[in-house]
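Each remark here refers to the structure printed beneath this line.
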Amino acid sequence: DAGVIQSPRHEVTEMGQEVTLRCKPISGHDYLFWYRQTMMRGLELLIYFNNNVPIDDSGMPEDRFSAKMPNASFSTLKIQPSEPRDSAVYFCASSRTSGAHEQFFGPGTRLTVL
Amino acid sequence: QKEVEQDPGPLSVPEGAIVSLNCTYSNSAFQYFMWYRQYSRKGPELLMYTYSSGNKEDGRFTAQVDKSSKYISLFIRDSQPSDSATYLCAMSTIISNFGNEKLTFGTGTRLTIIP
């Protein structure tokens with residue numbers, strides 16, 4: 001199995017631009033999670049889906065952030081407009097069950113907003 | 001106050017030493033306790049998880065949970081240079097009637113094992 005796939009691995013953009021991060025979960029996994037990691041705040045859950053339906057989006061920082069999962073094998077996290085404080089590493093994780101201890105993480109997308 | 005507190009380090013120890021990594025927490029609702037290892041520019045990978053107070057051993061790694069003190073530890077015996085990484089503690093609560101869990105992470109401790 002290829003594991004969780006994220007693209008792009010690195011993204012550099014200018015403030016105000018739209019950013020789209022992509023994730024392909026492990027086949028057969030019904031849960032998909034988006035996290036953000038910064039030095040100051042550590043790893044934070046932004047949103048997670050179960051069978052393509054958003055379950056908990058309480059971690060989404062503000063309306064500039066949106067996430068979709070149009071099918072079981074693809075999800076996007078969009079930031080519009082982007083700001084320098086959005087610079088972070090964004091991770092996608094997936095799991096077969098709701099058990100938090102069964103999540104597998106992707107390699108992450110390192111986002112820099114200038 | 002953060003729900004999960006973890007000393008960010010950095011922590012440097014010589015090869016072969018015993019490493020002790022610790023986290024404290026404030027939320028009594030946490031049910032599962034986990035340790036993740038994260039190599040530079042990689043995603044976190046699960047090392048161990050426990051549910052109850054006490055010790056759980058897996059090879060050179062031992063996870064310890066003390067719910068009465070709200071304190072968890074990870075011990076690494078016979079540490080190797082390949083153990084150099086950031087170690088994240090994590091804890092989960094049940095957030096829905098369907099049993100869905102939500103993870104809360106510590107900020108991580110950066111560990112370097114010196115050959």
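Chain letters run A, B, ... following the sequence lines, proteins first and then strands; every chain starts at 1. If you're wondering where the values come from, they're calculated on a predicted model, not measured in any experiment.
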Quiz prompt | Co-membership, hydrophobic cluster, residues A:Leu32 and A:Phe104, 4.5 Å side-chain | solution = no
Quiz item: Going by residue number, which parts of residues 34-46 of chain A are within reach of chain B, meaning a heavy-atom gap below 4.5 Å?
Solution: A:Tyr35, A:Gln37, A:Met40, A:Arg41, A:Gly42, A:Leu43, A:Leu45
Quiz item: So which part of A:Asn50 gets closer than 4.5 Å to some heavy atom of chain B, the side chain, the backbone, both or neither?
Solution: neither
Quiz prompt | ILVMFWY cluster, A:Phe65 and A:Val19 together (side-chain gap under 4.5 Å) | solution = yes
Quiz item: For A:Thr109, is it the side chain, the backbone, both, or neither that has a heavy atom closer than 4.5 Å to a heavy atom of chain B?
Solution: neither
Please output the side-chain donor-acceptor pairs of residues 86-97 of chain A that fall under 3.5 Å, not counting sequence neighbours, one pair per line with the distance.
{"from": "A:Asp86", "atom 1": "OD1", "to": "A:Arg64", "atom 2": "NH2", "distance (Å)": "2.9"}
{"from": "A:Asp86", "atom 1": "OD2", "to": "A:Arg64", "atom 2": "NH1", "distance (Å)": "2.7"}
{"from": "A:Asp86", "atom 1": "OD2", "to": "A:Arg64", "atom 2": "NH2", "distance (Å)": "3.4"}
{"from": "A:Asp86", "atom 1": "OD2", "to": "A:Glu83", "atom 2": "N", "distance (Å)": "2.8"}
{"from": "A:Ser87", "atom 1": "OG", "to": "A:Pro84", "atom 2": "O", "distance (Å)": "2.9"}
{"from": "A:Ser87", "atom 1": "OG", "to": "A:Val113", "atom 2": "N", "distance (Å)": "2.9"}
{"from": "A:Tyr90", "atom 1": "OH", "to": "A:Asp86", "atom 2": "O", "distance (Å)": "2.7"}
{"from": "A:Ser94", "atom 1": "OG", "to": "A:Ile26", "atom 2": "N", "distance (Å)": "3.3"}
{"from": "A:Ser94", "atom 1": "OG", "to": "A:His29", "atom 2": "ND1", "distance (Å)": "2.8"}
{"from": "A:Ser95", "atom 1": "OG", "to": "A:Thr97", "atom 2": "O", "distance (Å)": "2.6"}
{"from": "A:Thr97", "atom 1": "OG1", "to": "A:Gly99", "atom 2": "N", "distance (Å)": "3.0"}
{"from": "A:Thr97", "atom 1": "OG1", "to": "A:Glu102", "atom 2": "OE1", "distance (Å)": "3.1"}

Quiz item: Does A:Phe105 CZ have over 12 foreign heavy atoms under 6.0 Å away?
Solution: yes
Practice problem: Residue by residue, scan residues 45-80 of chain B and write down, ordered by number, those that have a heavy-atom distance under 4.5 Å to chain A; if none do, write 'none'. | Solution: B:Leu46, B:Tyr49
Quiz item: If Ile, Leu, Val, Met, Phe, Trp and Tyr residues are connected whenever their side-chain heavy atoms lie under 4.5 Å apart, and connections chain through other members, are B:Met91 and A:Tyr31 in the same group?
Solution: no
Quiz item: So with a 6.0 Å cut-off around CG of A:Asp63, is the heavy-atom count from everything else above 12?
Solution: no
Quiz item: Do A:Phe33 and A:Met69 share a hydrophobic cluster, counting only Ile, Leu, Val, Met, Phe, Trp and Tyr and linking them when any side-chain heavy atoms are less than 4.5 Å apart?
Solution: no
Quiz item: With the 4.5 Å side-chain cut-off for hydrophobic clustering, are A:Ile79 and A:Met15 part of the same group?
Solution: yes
Quiz prompt | Toward chain A: residues of residues 17-42 of chain B with heavy atoms under 4.5 Å | solution = B:Tyr32, B:Met34, B:Tyr36, B:Gln38, B:Arg41, B:Lys42
